[in-house]
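Working notes, structure below.
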Amino acid sequence: MQLSSHPQDPREPVVYVVDDDDSVRESLVWLVESVGRRALAFRGAQEFLNAYDPSQPGCLILDIRMPIIGGLDLQERLRQFDCPLPIIFITGHGDVPMSVRAMKKGAFDFVQKPYNYQDMLDIIEAALRAGAEALERARQRLEARERLATLTPREHAVLAKLVEGKSSKIIAFELGISAKTVEIYRTNIREKLATDSVAQMVRMVLSTAG
Amino acid sequence: MGKPYRGVRKRTRRFGLAPCGQISTLFSNRCIVNQDCCVFDASSDAIFVHDAASGRILAMNRQACELTGRARGELKGRTVDAISAPAAEFHAQAALSRIRSALTDGPQIFEWRLRRQECEFPVEVRLKPIDGPGGRRVLAAFRDVSDRQAAERRLVERERYYRTLIENAVDGIAIVSDEGRVRYVGPSITAVLGFSERQVLGRSVIPFLHPADAGEVRALLRGTGDGLRVGEVRRLSYRILHRDGRWRHHDAFVKDLRHDPAIGGFLVNFRDVTDLLRAENAARTQERQVEHLARLSTLGELAASLAHELNQPIAAVANYIGGSVERLSKRQGTLASVLHGLDRAQAEALRAGRIIAGLRSFTRRGDHQREETNLTHLVTEVAQLIELKAEMAAVDVIYDLRHELPPVACHRVLIEQVILNIAFNGIEAMDTDWHGDRRLTLSTAPAGDGARLSIADTGPGLGGINPDRLFEAFYTTKKHGLGIGLSLCRSIIDSHGGHVWVTAPIGQGTVFHVLLPSRLNPTTWPPTTWPPMTWPV
């Protein structure tokens, strides 16, 4: 593992580089650092998985051809736990079919060796932005899930009808309770989810669905 | 006795050919009747004198006694029953009718069977009527023909034997005159050319020959140009028209036997080699294709790994240059860090150069020269290519090379190809599914009068595969293998008079061994085909 000289800041995004070729790996780190980005380099997939912190914003530059655990294998493993890290694949000559597979499985981009370093830097910046957004979405999703988990079953039932756009009277009628009781539930829901907006509630429910 | 003795002896010896008149004159001489006559006894034939009327034996010479194994006293006055085989056709009655025929029709020649003790034997009998003082007599000369008959029988058998051979031969045999006319042709002509013997006898073979070949055959038969010497056998190849209208290739041996009265022409042994030639051509074509495929598959693998490996340093160079530009333009980095980046860029560019140089030295020597070289040297020449491949498969390459080796005479490019092929196989044996040790060990050592190279992998071993089958063409255990690599390796090593074999100690991977002799065996070098292929039939 090679650490950058930048000061450790938990919110500072990290460019992870996983490549078994020493030259490529070290030179890439050196390039990333030239634009003031923080880079962490790993020789193989397993070393990366051991060190990776999912709460850290960043992106991953991954060699598609590696021994033992290949680039596509690592991508699959990361997908399994909804990792928000955008992956930039580095591919070689004749790796087009593998690149297609990688893109279909949600890779951020792929760069064919040898590449223009400026293109690579641009893609890294775009990936970092996407990574930060993805992490933010994940964070919000997590928060929404936590808030929703505090609702009682009755409050859940009322929320479901609210999200469908029904008025308090209709909800009261459908649930066989008084409109006054529905209003109490609505107040509880507003407090627990920390929002007055029904639209906001809809977003929270949708973001945690599926 | 001077003159008559000579005359008698001479005529007696020519008895069979003498005209009847002379003999009767001779034997009318009293000396015949006088049994002591030494001339009578001196005859090489056994002679009996029969009474013409009764057929009884009146007199006989010494040879007659010897031939029948009887004394004179035993035979005198007896009929031929006493000396003949006991069959009906050899009874005295039969003999008498022969004697009568001789009296009326003149000399008779026929076969008879005599008996000596229990032993029967064939004789040739010549009967001549003569007039003696005591009335008409018949002179019977016997000659033992058992040897001659045996010889004749043998001859008949031999002829039958040769005829059977000729009839059943796939090859044809013919006798042709110097104009090319067929004087004799064996019955196998039907099988060889579709014509019957009768259809070709007396006809010239020249019009049947391919126009391009006819000239040479005609010249050979006429003795013009490079004619045949007596006793010389000349090999001839020509195309000849089959009855089905197709040209067939024949290989023939021609011998001039015109001086031999039994042959009186050119003896031609011919054989249809059309199918053989076609098979040889097909095999040669396939051989070339396989060699080409093998080279392509090796080169294809090389190209893929080379492209990958060249991309690494080039990508690194781009990264270092880009990083340097960024540092300089944004004034972020120190001068030292920029210099470091440029320094590394140069090192990576040189690494790319070394990879290319390694490949160039591998492909450049396309010549077919053999030279004395050190096996260890060959290994180090291809080491870089092996390491490229090994690196991709995360395999460690270990060398245990001896530099003091007897030189081996070999074709460098081919032997390097063998080393690469076996090493690549070893690396592939430790693919991504293999979770044991990942080591490839190349070792060289003196062996016998030559040198040995062993390439050991720590893969799963042969797993019950017959080691001999590994070297067969088109046998493969790889998913996408062609199955020609090891077969080609063995062909190459065989052509060097060397040996390649495999050992697989259980649980310790697979070891391929290549042994190359120091000196080439002059009888196996140069190989007739290059390299000779082992072709599955």
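No hydrogens, no waters, no symmetry mates; every other heavy atom, side chains included, goes into these values. Here is how names work: the chains are called A, B, and so on, in the same order as the sequence lines, proteins then strands, and each is numbered from 1.
Residue A:Arg101 qualifies as open at atom CZ: its count of foreign heavy atoms under 6.0 Å is 12 or below.
For B:Gln312, the parts sitting under 4.5 Å from any heavy atom of chain A are the backbone and the side chain alike. Of the atoms belonging to A:Ile90, not a single heavy atom falls under 4.5 Å from chain B. Residue B:Ala393 touches chain A through its backbone alone, counting heavy-atom pairs closer than 4.5 Å.
Taking the six-membered ring where tryptophan is involved, the planes of B:His340 and B:Tyr320 are perpendicular, since the angle between them exceeds 60° and thus also 30°.
Taking the charged nitrogens against the carboxylate oxygens, A:Lys161 and A:Glu164 have no contact shorter than 4.0 Å, which rules out a salt bridge. The pair A:Glu26-B:Arg344 counts as a salt bridge, with a side-chain nitrogen and a carboxylate oxygen less than 4.0 angstrom apart.
For chain A, the option among B:Asn319, B:Ile314, B:Val338 with the highest count of heavy-atom pairs below 4.5 Å is B:Asn319.
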